[in-house]
Amino acid sequence: MTDVTSPLAGRAIGLSAVPDPVFSGAMVGPGTAIDPVREPSEAVAPVNGIVVSLHPHAFVVVDEEGHGVLTHLGIDTVQLNGEGFELLVNKGDTVTRGQAVVRWDPAAVEAAGKSPVCPVVALEATAESLSNVVEDGELKAGDALFGWK
């Protein structure tokens, strides 16, 4: 079983609360979401693995079992064209859980008119394949988010 940990500090709100139907409807996959603290911070790897997709606003890390975990920094943040985001690793890099991947400022995202809410999604998974999904409460980066059976 893979333990997926929070890439950010903030408050767990669950996918259904994400202001985007693709995420809230779990069309990308099951998981949860975080309303991040409004201060410049680093989004960290939620699992040990390889960065297989890397954009300023989103990244995917695939663990040794082949599970892909998407961290999406805000909603519609692709429209910011990378402004306010700094990549700290490269696509193809091996990362360890808790390693900084992207530096960003959720308050700046919000000031630009976008939601800073961050879905954390298990790709190519079913809701039944996840356990102990955290959908409320305060989180620190590295706290447990869900287990992947």
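Considering all non-hydrogen atoms of both residues, A141 and V44 come closest at CB-CG2, 4.3 Å. The nearest pair of heavy atoms linking I50 to G92 is CG2-O, 3.8 Å. In plain terms, the two heavy atoms of K140 and S6 that are nearest each other are O-CB, 3.8 Å. Taking all atoms of both residues into account, the shortest heavy-atom contact from V95 to A45 is CG2-CB, 3.7 Å. Heavy atoms only, all atoms of each residue included: T32 and L15 are closest at O-CD2, 3.4 Å. Contact between P36 and C118 at its shortest, heavy atoms only, is CG-SG, 4.3 Å.
Rounding to the nearest 0.5 Å gives a distance of 12.0 Å between CD of E124 and CG of L70. Atoms CG and NE2, on N81 and H55 in that order, are 13.0 Å from each other to the nearest 0.5 Å. For the atom pair CE of M1 and OG of S129, the computed distance is 10.5 Å after rounding to the nearest 0.5 Å. Note that the OG atom of S41 and the CZ atom of R103 stand 10.0 Å from one another [nearest 0.5 Å]. Rounding to the nearest 0.5 Å places CG of L88 at 11.0 Å from CG of D93. Residue E42 holds its CD atom at 10.5 Å from CG of L8, rounded to the nearest 0.5 Å.
Hydrophobic clustering places L130 together with V47 (ILVMFWY residues linked when any side-chain heavy atoms are closer than 4.5 Å, directly or through intermediates). With hydrophobic clusters built from ILVMFWY side chains whose heavy atoms lie under 4.5 angstrom apart, I34 does not share a cluster with V37. Side-chain heavy atoms closer than 4.5 Å link hydrophobic residues (I, L, V, M, F, W, Y) into clusters, and following such links, possibly through other members, connects I13 to V22. Under the 4.5 Å side-chain heavy-atom criterion for grouping Ile, Leu, Val, Met, Phe, Trp and Tyr, V69 is connected to V133 within one hydrophobic cluster. One hydrophobic cluster holds both V121 and V52 under the rule that ILVMFWY side chains link at heavy-atom gaps under 4.5 Å.
Sparse packing is recorded around CD of E83, with 12 or fewer heavy atoms of other residues, nucleotides or ligands lying under 6.0 Å away.
Annotation: side chain of S115 is not in contact with side chain of D76 (no heavy-atom distance under 4.5 Å). A heavy-atom distance below 4.5 Å is found between the side chains of L145 and L139. Contact annotation: the side chain of P46 approaches that of F59 to within less than 4.5 Å [non-hydrogen atoms, C-beta and beyond]. Side-chain contact between V120 and P7 is present, with heavy atoms from C-beta onward closer than 4.5 Å.
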Kindly indicate, with the supporting measurements, whether the criterion side-chain contact (heavy atoms from CB on, under 4.5 Å) is fulfilled by F85 and T77.
CA-CA 10 Å; F85 297 85; T77 44; 4.0 Å; yes

Going through the checks in order, is the side-chain contact (heavy atoms from CB on, under 4.5 Å) test met by N132 and F146?
CA-CA 5 Å; N132 304 317; F146 54 84; 5.9 Å; no

side-chain contact (heavy atoms from CB on, under 4.5 Å) between V89 and L54, worked out
CA-CA 9 Å; V89 299; L54 181 65; 4.3 Å; yes

I'd like to know whether D63 forms a side-chain contact (heavy atoms from CB on, under 4.5 Å) with W148, so could you lay out the CA-CA distance, the side-chain angles of the two residues, the decisive distance to 0.1 Å, and finally the verdict.
CA-CA 11 Å; D63 73 6; W148 194 331; 5.8 Å; no

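A side-chain contact (heavy atoms from CB on, under 4.5 Å) with V109 holds for exactly one of L80, I75, V117; it is L80.
Under a 3.5 Å cut-off, the side chain of R97 and the backbone N or O of D3 do form a donor-acceptor pair. Formation of a donor-acceptor pair under 3.5 Å by the K149 side chain with backbone atoms of E128 is found in this model.
With sequence neighbours left out, D105 forms a salt bridge (Lys or Arg N to Asp or Glu O under 4.0 Å) with no residue at all.
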